[in-house]
Every structure is written in C-alpha cells, then in structure tokens.
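Sharing a structure here in structure tokens format.
Side chains are part of it too, since the values below use all heavy atoms of this structure and drop only hydrogens, waters and symmetry mates.
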Amino acid sequence: MPLNGAGAGARAGARAELRVAVLVGLQASGKSTFYAQRLSGRYALVSKDLFPRAARNKQRRQMRLVEEALTAGESVAVDNTNPSPEEWGPLITLGHAHGATVTAYWFPPDVAGSLRRNAAREGRDRVPDVGIHATLKRLREPSLADGFDGVREVRFDGHGGFVERLLSGAW
C-alpha cells in the first residue's frame with residue numbers, strides 16, 4: 001500500500017516481525033514490479049516517485065513516512081534507486097531503532113536492459129538516459145558490513161517474474 005502522506009498501512013492490526021526492505025538498483029531495473037509481485041500487501045510502500053514532482057525535501061519526507069509506518073507496526077519497502085550507503089544508511093539506522101530486520105534487495109546492474117525498459121516508459125515514468133548512467137556511477141552492491149541483516153539478489157526470471165537468491169545474512 002503506498003504511503004504518500006495519507007492512508008493506512010499494509011499490516012493494520014498485525015504485530016508480526018517488523019521488516020524494512022530497501023530496494024537497490026538502477027532505474028528501470030524491475031524494483032517497482034518486484035514490489036508489486038512480491039511485497040505488496042505485506043509491506044507499505046514508500047517511494048519518492050509517488051511524491052509530487054515539485055515536492056521539497058523528498059529525503060526528509062521519505063524518512064518521515066518510513067518512521068510513521070514502523071511506529072504503526074507496519075513493515076515497509078523503500079522503492080528508490082538507493083545506490084549507496086549515503087541513501088541506505090539512514091534507512092538501516094531507522095529500521096534498527098524500531099527493532100526491524102533490514103534487508104537489501106539488490107538488483108545487479110543491466111544497463112542495456114534498463115535503458116531498453118526505460119525507453120518504453122512514457123511521461124513522468126521515463127527518466128533521461130543520463131540519469132541511469134549517473135546512478136550507475138554511484139551504485140554499489142550492499143552487504144552485511146553496511147549494517148543490513150540480509151542481502152538478497154533479485155533477477156528477472158525470463159517469464160515476467162523474478163528469482164531471488166540469498167547473498168548473505170538472514171533469509
């Protein structure tokens with residue numbers, strides 16, 4: 001369920017283990033589709049893509065929405081590129097402060113595939129190709145040393161879905 005400033009969460013009334021899923025990968029790498037197929041309904045969604053284009057302080061707003069979800073007892077997925085510790089570090093800290101398990105979902109870079117999928121997008125969903133290349137320069141594979149409790153690799157399965165593989169940490 002998207003959290004864009006209003007709305008209830010994906011786990012109303014549930015007190016299961018709190019989790020934070022940090023999706024890490026290039027634009028058009030499949031992160032949003034993966035969320036829709038694998039995490040939707042179990043994790044509230046926070047994505048800067050859902051904010052109004054002119055929204056200010058998107059990072060602060062994202063952190064506030066993650067905080068609100070965790071405080072409400074909801075697991076949350078952060079669907080942005082999250083290319084480096086600069087972006088994922090505060091999410092790890094916040095998740096752990098709420099006792100949540102924080103897992104990175106790593107989408108290894110496939111620049112040609114991302115450019116191809118991005119070219120098929122329309123309107124606001126399409127990002128300039130230079131944005132994909134700029135993200136690639138900053139993109140780093142997450143690891144347990146970064147503070148994650150687990151790291152999962154996610155790849156397309158060739159049939160419209162995904163294959164997940166545990167790289168390290170808890171499954």
Practice problem: For the pair Asn118 (side chain) and Val127 (backbone), establish whether a donor and an acceptor sit closer than 3.5 Å, ignoring hydrogens and angles. | Solution: yes
Exercise. Using side-chain hydrogen bond (donor to acceptor under 3.5 Å, both in side chains) as the criterion, list what pairs up with Arg116, not counting sequence neighbours.
Key: none
Exercise. Please name all residues satisfying side-chain hydrogen bond (donor to acceptor under 3.5 Å, both in side chains) with Asn82, sequence neighbours left out, ordered by chain then number.
Key: none
Self-check item: Residues Ser114 and Gln27: side-chain donor-acceptor under 3.5 angstrom
Solution: no
Exercise. Only counting residues at least two apart or in another chain, list the ones meeting side-chain hydrogen bond (donor to acceptor under 3.5 Å, both in side chains) with Asp149.
Key: His96
Quiz prompt | Sub-4.5 Å side-chain heavy-atom contact between Asp79 and Leu45 | solution =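 In short, these two side chains touch, coming nearer than 4.5 Å.
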Self-check item: Option passing side chain to side chain contact (heavy atoms under 4.5 Å, CB included) with Leu26 (candidates Asp110, Thr81, Leu115, Leu139)
Solution: Leu139
Quiz item: Parallel, tilted or perpendicular: which fits the ring planes of Phe107 and Phe162, with parallel below 30° and perpendicular above 60°?
Solution: perpendicular
Exercise. State which residues pass salt bridge (Lys or Arg N to Asp or Glu O under 4.0 Å) with Asp146; sequence neighbours excluded, sorted by chain then number.
Key: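 Asp146 satisfies salt bridge (Lys or Arg N to Asp or Glu O under 4.0 Å) with Arg140 once adjacent residues are dropped.
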Exercise. State whether a side-chain donor-acceptor pair under 3.5 Å links Glu68 with Thr71.
Key: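 Result is no, nothing qualifies.
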Quiz item: Sequence neighbours excluded, which residues qualify as side-chain hydrogen bond (donor to acceptor under 3.5 Å, both in side chains) partners of Arg155?
Solution: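 Expected list: Glu153.
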Exercise. With sequence neighbours left out, write down each residue that passes salt bridge (Lys or Arg N to Asp or Glu O under 4.0 Å) with Arg117, or none if nothing qualifies.
Key: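 Listed in chain order: nothing, the list is empty.
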